[in-house]
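Inspection log for the structure reproduced underneath, given as structure tokens.
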Protein chains: 2
Amino acid sequence: MTSAVRPPARILLVDDHALVRRGVRLILDGEPDLEVVAEAGDGAEAVAAARSDDGLDLAVLDIAMPRMTGLQAARELARLRPGLRILMLTMYDNEEYFFEALRAGANGYVPKSVADRDLVEACRSALRDEPFIYPGAETALIRSYLDRVRSGAGLPERPVTEREEEILKLVAEGHTSKEIGDLLFISPKTVERHRANILQKLGLRDRLELTRYAIRAGLIEP
Amino acid sequence: MTSAVRPPARILLVDDHALVRRGVRLILDGEPDLEVVAEAGDGAEAVAAARSDDGLDLAVLDIAMPRMTGLQAARELARLRPGLRILMLTMYDNEEYFFEALRAGANGYVPKSVADRDLVEACRSALRDEPFIYPGAETALIRSYLDRVRSGAGLPERPVTEREEEILKLVAEGHTSKEIGDLLFISPKTVERHRANILQKLGLRDRLELTRYAIRAGLIEP
DNA sequence: CTGTCCATCCGTGCCGGCACCCATGCGCGA
DNA sequence: TCGCGCATGGGTGCCGGCACGGATGGACAG
């Protein structure tokens, strides 16, 4: 009860599944140095919570959420509270998501497939601002990341332009070239040209992969 | 330590995310009458666990899992251990999967959006063989279900057959008809025939909508 | 000013998705 | 037994995705 020990880190927990929130909360609250002080069920609530409480140390964010995805929320939170650490918690151990998360301002990335100890350690790492003491098993991802950092390349740029992203979304939503052309008042051929450039830049094969990319990146909802 | 009290129900917990398993386990083990005695990370492991332990009372199954989905596992478990109660735990409060779960032999259906108390109550209901004391908030689903039962219509027909679901997944993953045909040792024309039937049954327009449907339904990962 | 990047557009050609048409064999329930 | 649903296969034809080739004008930096 004295203040001899450092007070526990104040954590905002964001997941659209109450059950998952409860479970993660039980895991985190079991640690003396961690304390969940707020919960949110989607990105908008998370932003609201961070706006009303400036004493938060860490946000644990699920990626797949309705309305505002975790990635969108992360961008917003990073803008709103630059001091807030962000840990992405996700179903996907996918490399695409990993870099999307970094670009969105995340300090850490934890797949839900990890054990509870790893989550706790990831929280502590993020709180110490250690960028990526990575909770096991993600060696391929880590190696790739570290390679890029060491080679001085920094984070890979997202190559698509604004216009291309606009077309990307519309294509991923299932519109044909003609529909998109009508919508944007350009020729369907131009749409196809953009689409081809996007596919080439992102290393994708067709609209279908593009759709899944857009969903992963939080650009559209499934 | 005496046997004056009824021993706790022996539960098999199945989810592909270790973190979710851990959280749910903490919730269930906190109840004196519930005890998680086995865990599995996919459907195949779940079946193996049920095969090697005939004293299980309840299986809590996630629907969206790699390799064998929770629905397939539920069918197998219901066949293997008729006395075993099955509770489906899922991200989706989708009507399709609600009825699909019932058909697969589930005694209960709990979205992950419910609170922990509701999960506990759903477990107890399933263990008492009470078919659907439903954990709150699913009024639309419940109402629809009750309406159908009251109107004597019974369960709606399963929209897609097993074979069709198999093709559905492969199509949604981006394989061409020829690839799928080679994979399943059937003609690409048959694949196209199935695909056409699926699109018609589900009211979808093309592969792209089908992909998003499959992602929503948890059949594939983005 | 010149080069580069971006957005805009065009033609040609292949291939696959998808909509129609058709038939066969099998199992199951009315 | 007869129909029905399911899985299997085929044919034809249109259209759109996508690859490949080309061009132009405008913005901005070196």
Side-chain angles (χ1 to χ4, degrees), chain A residues 153-154 156-215 219-220, chain B residues 71-72 75 79 96 99-100 103-104 152-215 219-220 222:
Chain A
E157 289 304 308
R158 185 199 328 237
V160 296
T161 67
E162 280 186 34
R163 187 59 158 178
E164 282 169 346
E165 182 167 316
E166 200 176 357
I167 274 109
L168 194 163
K169 280 195 238 184
L170 291 168
V171 171
E173 277 167 1
H175 301 287
T176 66
S177 298
K178 176 161 190 326
E179 285 170 0
I180 298 173
D182 290 346
L183 221 61
L184 301 182
F185 304 105
I186 58 179
S187 156
K189 292 301 286 184
T190 304
V191 176
E192 288 178 15
R193 175 38 106 205
H194 281 307
R195 190 185 52 207
N197 289 340
I198 294 166
L199 292 180
Q200 196 261 319
K201 283 182 181 180
L202 298 179
L204 306 176
R205 286 207 332 262
D206 49 30
R207 295 148 61 224
L208 219 148
E209 288 193 357
L210 200 150
T211 295
R212 298 195 291 193
Y213 174 87
I215 290 173
L219 294 174
I220 64 168
Chain B
L71 292 173
Q72 295 170 314
R75 288 185 202 104
R79 205 184 52 76
E96 297 295 338
F99 294 111
E100 194 61 35
R103 278 190 220 97
L155 289 179
E157 290 307 308
R158 182 220 306 258
V160 296
T161 68
E162 284 188 29
R163 187 58 156 180
E164 284 168 347
E165 180 169 318
E166 201 176 355
I167 274 109
L168 193 162
K169 278 196 243 182
L170 290 167
V171 171
E173 278 167 0
H175 301 287
T176 67
S177 299
K178 179 166 186 324
E179 285 169 0
I180 299 173
D182 290 346
L183 221 59
L184 302 182
F185 304 107
I186 57 178
S187 154
K189 289 302 287 185
T190 303
V191 175
E192 288 179 15
R193 163 52 81 218
H194 282 307
R195 191 185 50 207
N197 288 340
I198 295 166
L199 291 179
Q200 197 261 318
K201 283 184 181 179
L202 298 179
L204 305 176
R205 288 207 332 263
D206 49 29
R207 293 150 61 225
L208 220 147
E209 288 194 356
L210 200 150
T211 295
R212 297 195 293 191
Y213 173 86
I215 290 173
L219 293 173
I220 63 166

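Since this is a predicted model, take the numbers as computed values, not measurements. Numbers restart at 1 for each chain; the letters A, B, ... are given by sequence-line order, proteins then strands.
- Here the closest heavy-atom approach between residue B:I167 and residue B:H194 is recorded as CD1-CD2, 3.5 Å.
- Under a 4.0 Å N-O distance rule, the pair B:E209/B:R212 does not qualify as a salt bridge.
- Nearest to the side-chain atoms of A:A196 among the listed nucleotides C:dG17, C:dA7, D:dA19 stands D:dA19.
- Nucleic acid contact class of B:T190 (heavy atoms, under 4.0 Å, all strands): base.
- Each of B:I167 and B:R207 was assigned the nucleotide of DNA chain D with the nearest heavy atom; the assignment lying further toward the 5' end belongs to B:I167.
- When the options B:I186, B:D182, B:L170 are evaluated for a side-chain contact (heavy atoms from CB on, under 4.5 Å) with B:V191, the one that passes is B:I186.
- Annotation: of the two residues near DNA chain C, A:E162 and B:R205, the 5′-most nearest-nucleotide partner is A:E162.
- B:K189 contributes a side-chain N or O that forms a donor-acceptor pair with the base of D:dG11 under 3.5 Å.
- In the set D:dA19, C:dC18, C:dA7, the nucleotide with an atom closest to the side chain of B:D206 is C:dC18.
- Between B:R193 and B:L199, it is B:L199 whose nearest contact on DNA chain C lies nearer the 5' terminus.
- Among the heavy atoms of the strands lying under 4.0 Å from B:S187 are primed sugar atoms or P, OP1, OP2 only; no base atom is included.
- Rounding to the nearest 0.5 angstrom, the gap separating the CD1 atom in B:I180 from the OG1 atom in B:T190 is 12.0 Å.
- The side chain of B:T176 places no N or O atom within less than 4.0 Å of a non-bridging phosphate oxygen (OP1 or OP2) of C:dC15.
- In the set D:dG17, C:dA7, D:dT8, the nucleotide with an atom closest to the side chain of B:I186 is D:dT8.
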